[in-house]
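What follows is a set of notes on a single structure, which appears directly below.
Just so it is clear, the model here is predicted, and its values are computed rather than measured.
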Amino acid sequence: QVQPVESGGGLVQAGGFLRLSCAASGRTFSSYGMGWFRQAPGKEREFVAAIGRSGASTYYADSVKDRFTISRDNAKNTVYLQMNSLKPEDTAVYYCAAVRWDSSGGNWIGFGSWGQGTQVTVSS
């Protein structure tokens with residue numbers, strides 16, 4: 001399993017950008033699909049983006065499609081989330097985790113260890 005540590009969050013104005021990083025310890029990093037999730041105050045954690053083991057395949061929630069880009073560097077055991085054109089509704093704590101596709105529910109599931117998350121605040 002991987003032990004993720006997220007970083008890169010902060011306060012940004014609407015329309016701005018941030019780049020989140022997730023450094024994951026463990027020698028099996030490249031064996032896992034990885035994903036980003038977020039949780040806003042008073043809301044459940046939701047899927048944001050996922051990337052396959054090699055980085056060739058990516059998947060996005062409709063709410064972030066065409067604005068966010070997920071990528072990974074297996075040599076550095078790191079997954080990234082480039083967030084452009086940020087909106088106030090993107091304000092949340094962002095987490096990364098290993099992911100798998102749940103075909104019965106039709107959604108991405110994070111599993112294993114979760115980091116402490118990184119706060120993203122977008123002001124209007």
Charged N-O contact under 4.0 Å between K65 and D62
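Salt bridge flag = yes for D62 with K65.
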D66 atom CG, over 12 foreign heavy atoms within 6.0 Å:
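At most 12 heavy atoms, drawn from other residues, nucleotides or ligands, come within 6.0 Å of this atom.
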Sidechain-backbone polar pair: [X] side chain, [Y] backbone, donor-acceptor under 3.5 Å:
| X | Y | result |
| --- | --- | --- |
| Q13 | S124 | no |
| R67 | Q82 | no |
| T91 | T121 | no |
| N77 | A24 | yes |

Would you mind listing the cluster partners of V79? Hydrophobic ones only (ILVMFWY), side-chain contacts under 4.5 Å, chaining allowed.
V2, V12, L18, L20, F29, Y32, M34, W36, V48, I51, Y60, V64, F68, I70, L81, M83, L86, Y94, F111, V120, V122
Would you confirm whether the ring centroid of W108 sits within less than 6.0 angstrom of the ring centroid of F37?
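That pair fails the under 6.0 Å test.
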Distance alone, cut at 3.5 Å: any donor-acceptor contact between the side chains of S113 and Q3?
yes
Say you draw a straight line from CD of Q119 to CZ of R38; how long is it, rounded to the nearest 0.5 Å?
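Reported to 0.5 Å precision, the distance equals 12.0 Å.
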Heavy-atom pair of closest approach, residues [X] and [Y]:
| X | Y | answer |
| --- | --- | --- |
| S104 | D102 | OG-OD1, 2.7 Å |
| N74 | R72 | OD1-NE, 2.8 Å |
| A40 | A92 | N-CB, 3.8 Å |

Side chain to side chain, E6 and V93, heavy atoms closer than 4.5 Å:
no
Are R45 and Y95 in a cation-pi setup, meaning NZ or CZ lies under 6.0 angstrom from the ring centre and within 45 degrees of the ring axis?
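Output yes; distance and angle both within limits.
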